[in-house]
There are 2 protein chains.
Amino acid sequence: MVLELTEKQEAILDATLELIGERGFHGTPMSAIAEKAGVGAGTIYRYYESKEELINALYVREKQAINAQVLKGYTEELSVRDAVGLMFRNAISARACESARFRFLDQYYNSPFIGDETRRIREQLMSDYVDVIERGICDGEIRDLPLPVVMAMIFGPLAQLSSASQLKDVTLDDELIDQALDAIWRSIGCE
Amino acid sequence: MVLELTEKQEAILDATLELIGERGFHGTPMSAIAEKAGVGAGTIYRYYESKEELINALYVREKQAINAQVLKGYTEELSVRDAVGLMFRNAISARACESARFRFLDQYYNSPFIGDETRRIREQLMSDYVDVIERGICDGEIRDLPLPVVMAMIFGPLAQLSSASQLKDVTLDDELIDQALDAIWRSIGCE
DNA sequence: TTCGTCGGAATGAATGTTCATTCCGCTCTT
DNA sequence: AAGAGCGGAATGAACATTCATTCCGACGAA
């Protein structure tokens, strides 16, 4: 389901992303979005029924974009351990250079503006990761733990480290990332 | 610095917690807070200069309350492994029964409404946990990893599991928690 | 004990502002 | 000229905040 976006739609979404990333939903009136996007206020409503729908559309677009970046370079040939490592590194660097996106996504992860439809899409986007992990469990690279535990041991530290580095509490150099990946693998890997 | 709160102040904070927990900052006008708290709209402003200050005060109160629950039963006699286990379990059960608090805290963790002052207080509240971990590293119970990595390996999975259980994706029974703690310890423990 | 006075806590209607949304007319395109 | 696509001023509702007024308990005088 790849929907074509017009140039204006993209400008609107881009403007929304940036403004909301730094000022929050409150702090960004539609008029500001219109101005930044270089369109009239009314034009936004030609594409999105309401502010809420706009936010949801943006959420989906960003989530997909991030997903693509995280999966970049993945093939089924990779061992699961390498695949996880790849995605982990991808995720970290995406977060570093696309921080506006993440600030937006984090802010809306548990927010009342995310509608049910959007929640479903998010779950669907997680399925790629679930597949990799299940493959790992099947062919014995990952210990036979409940899926939620394995997920938690990978995504938890990832989220935590990323947000710490956002707050300037840490610098995520290669050595640190290797140490983290090694720790993760001790917890879920066989041997 | 324990500041005494009047009965009215507590009523206001309680009302705010509950309303914002379920409807978000937007969805809760000051008038609704006043009504639920059983006070006049103007009264709130006798205690809090603005809606934003009210949110920040609430944030600090809730963060402290949660902290107390998580640390419940902790003494320096405990081995670090047991201490971490205790706090992990405490945190999980706090999240289960105090879900309104967590919904509120999660919602504001990275939000523009949380001011710098409040952020400082939050960091200060983290120091208890940092102390335990540093003790663990010092006397060899925890591998000599960078502090942020160790923190990430404990808090990351915790947060991830809790929020998954909130979304009904998992049930956190004792066995699952034990498995998670075991996995965490494999990653950061010596041996 | 009763009553008058006072201070400050509490109230909630009124205010002024801020927005999301609408609507009308303009401008291209065909 | 018809019609689609836009812009941006206009609208009206929703709110945060204010402030003139009321309420209440304490205290002292008679």
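Chain identifiers are assigned alphabetically (A, B, ...) following the order of the sequence lines, protein sequences preceding nucleic acid strands; residue numbering begins at 1 within each chain.
Defined by atom type and a distance below 3.5 Å, a donor-acceptor pair is missing between the side-chain atoms of B/Asn56 and B/Tyr108.
If you check every strand for non-hydrogen atoms under 4.0 Å, B/Tyr47 touches sugar and phosphate atoms only.
Under the 4.0 Å criterion applied to side-chain N and carboxylate O atoms, B/Asp182 and B/Arg186 are assigned as salt-bridge partners. Of the charged side-chain nitrogens involved, none lies within less than 4.0 Å of a carboxylate oxygen, so that B/Asp116 and B/Arg120 do not count as a salt-bridged pair.
Interface limits on DNA chain D: the 5'-most and 3'-most nucleotides within less than 4.0 Å of chain A heavy atoms are D/dG5 to D/dG8.
With contacts defined as side-chain heavy-atom distances shorter than 4.5 Å, the pair B/Leu13/B/Tyr47 does not qualify.
Both tests pass for A/Lys51 against the ring of A/Phe25: distance under 6.0 Å to the centre and angle within 45° of the axis.
Annotation: of the two residues near DNA chain C, B/Arg46 and A/Met30, the 5′-most nearest-nucleotide partner is B/Arg46.
No more than 12 heavy atoms of other residues, nucleotides or ligands sit less than 6.0 Å from atom CZ of A/Arg23. Within 6.0 Å of CD in A/Glu35 there are 12 or fewer heavy atoms belonging to other residues, nucleotides or ligands.
A heavy atom lying under 4.0 Å from DNA chain D marks none of the residues of residues 11-19 of chain B.
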**Request:** For side chain to side chain contact (heavy atoms under 4.5 Å, CB included), just list the numbers for B/Thr118 and B/Lys63, CA-CA rounded to whole Å, side-chain angles, deciding distance to a tenth of an Å, and then say yes or no.
**Result:** CA-CA 10 Å; B/Thr118 304; B/Lys63 192 83 191 162; over 6 Å; no
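The separation between A/Leu54 atom CG and C/dC19 atom C1' is 15 Å, rounded to whole Å.
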